[in-house]
Amino acid sequence: MNDKILVFKISKYSTFHSLALLCFLKNGELDQATCRTLLDFIMEHSTSEKEDASFEELLQKVERGEYQPQDPRFADWDMNAKQIWLCPPVALPGHMAITNEYTEYSIDPDSSEEPQQFTFNQYRTVLKFWRECQQMIEGKDLSTIEDFRREMPFPEK
């Protein structure tokens with residue numbers, strides 16, 4: 001059973017519009033840990049398909065066993081205060097471990113002080129959702145949009 005919901009939201013403020021990718025727990029509370037790691041990474045990194053492609057290429061090398069980190073203590077990818085490990089011992093096989101400079105958002109609440117772990121499939125599914133939502137509003141006059149919200153269940157591990 002899925003206990004999280006993924007939300008793409010456009011909010012209109014007096015002078016600007018805000019696009020957000022959020023994750024809520026089933027009780028309606030914002031899942032800050034997921035928002036500040038995986039979702040922030042996707043929103044910040046995915047400014048172009050070229051950037052997405054370079055990260056996807058690295059994921060595929062990991063999946064094929066063609067990538068070995070020079071020093072597993074250091075992240076395989078680093079962007080805007082997010083560090084991402086794609087290989088053991090930090091990341092579980094088939095997972096990415098993501099930390100944020102704000103430690104309270106980096107720790108998986110279901111583990112003992114381990115970084116947040118997301119499967120490669122979860123990353124790809126959320127990225128696809130983000131891209132689809134952006135395409136839905138592409139070319140539209142955002143000033144005519146009061147509030148826009150699209151939801152989907154957060155992908156299972």
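Values below: every heavy atom of this structure, side chains too, minus hydrogens, waters and symmetry copies. Every value quoted in this text rests on a predicted model; they were computed, and no experiment measured them.
- Using a 4.5 Å heavy-atom threshold, the side chains of Arg149 and Val7 count as touching.
- Around the CD atom of Gln70, the shell of radius 6.0 Å holds no more than 12 heavy atoms that belong to other residues, nucleotides or ligands.
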message: Set out, in order, the CA-CA distance, both residues' side-chain angles and the distance that settles side-chain contact (heavy atoms from CB on, under 4.5 Å) for Gln116 and Thr99, then state yes or no.
response: CA-CA 7 Å; Gln116 292 273 70; Thr99 62; over 6 Å; no
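- Connection of Val126 to Phe148 is established within a shared hydrophobic cluster, with ILVMFWY side chains joined at heavy-atom distances below 4.5 Å, either directly or through further cluster members.
- Using a 4.5 Å cut-off between side-chain heavy atoms of Ile, Leu, Val, Met, Phe, Trp and Tyr, with links allowed through other members, Leu59 and Val90 fall into different hydrophobic clusters.
- Side-chain atoms of Thr37 and Lys82 include no donor-acceptor pair closer than 3.5 Å.
- Here CD of Gln134 is found 9.5 Å from CD1 of Ile10. Values are rounded to the nearest 0.5 Å.
- Of all heavy-atom pairs spanning Lys4 and Asp31, the tightest one is NZ-OD2, 2.9 Å.
- Taking CE of Met96 as the reference point, atom SG of Cys87 lies at 11.0 Å (rounded to 0.5 Å).
- Glu63 pairs by the salt bridge (charged side-chain N to carboxylate O under 4.0 Å, His left out) definition with Arg124, not counting sequence neighbours.
- For Lys61, the salt bridge (charged side-chain N to carboxylate O under 4.0 Å, His left out) partners two or more places apart in sequence, or in a different chain, are Glu57.
- Atom CG in Leu6 sits 5.0 Å away from atom CG in Leu21 (nearest 0.5 Å).
- With sequence neighbours excluded, the residues satisfying ring-ring contact (aromatic ring centres under 6.0 Å, His included) with Tyr123 are Phe55.
- Closest non-hydrogen pair, Pro69 versus Asp76, comes out as CB-OD1, 3.4 Å.
- Taking CE from Met152 and CD from Glu132, the interatomic distance works out to 8.5 Å, rounded to the nearest 0.5 Å.
- Here the closest heavy-atom approach between residue Phe118 and residue Gln122 is recorded as CA-OE1, 3.2 Å.
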- request: I would like to know whether Met43 and Trp130 meet side-chain contact (heavy atoms from CB on, under 4.5 Å); could you show each step before the answer?
  value: CA-CA 8 Å; Met43 288 187 298; Trp130 172 246; 3.6 Å; yes
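- Hydrophobic clustering, with ILVMFWY side chains joined whenever heavy atoms are under 4.5 angstrom apart, groups Phe120 together with Leu58.
- Taking CE from Met136 and CZ from Arg131, the interatomic distance works out to 15.5 Å, rounded to the nearest 0.5 Å.
- For the residue pair Ala97 and Gln117, the shortest heavy atom distance occurs at CB-NE2, 3.6 Å.
- No donor-acceptor distance shorter than 3.5 angstrom exists from the side chain of Gln83 to the backbone of Trp77, with no hydrogens or angles considered.
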field: From CA spacing to verdict: side-chain contact (heavy atoms from CB on, under 4.5 Å), Thr34, Leu39
entry: CA-CA 6 Å; Thr34 299; Leu39 303 187; 4.1 Å; yes
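- Partner of Leu38 under the side chain to side chain contact (heavy atoms under 4.5 Å, CB included) criterion, chosen from Asn100, Leu127, Ile98: Ile98.
- Of the possible donor and acceptor atoms, none in the side chain of Lys157 sits under 3.5 Å from a partner among the backbone N and O of Asn121.
- We find the CZ-CG distance between Phe8 and Leu22 to be 10.0 Å, quoted to the nearest 0.5 Å.
- Considering only heavy atoms from C-beta on, Ile5 stays 4.5 Å or farther from Leu25 through its side chain.
- Cys23 approaches Cys35 most closely through the heavy-atom pair N-SG, 3.3 Å.
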- request: Any chance you could lay out the side-chain contact (heavy atoms from CB on, under 4.5 Å) test for Phe154 and Phe129, step after step, and finish with the verdict?
  value: CA-CA 10 Å; Phe154 190 82; Phe129 177 74; over 6 Å; no
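- Atom CZ of Arg64 has more than 12 heavy atoms from other residues, nucleotides or ligands within 6.0 Å.
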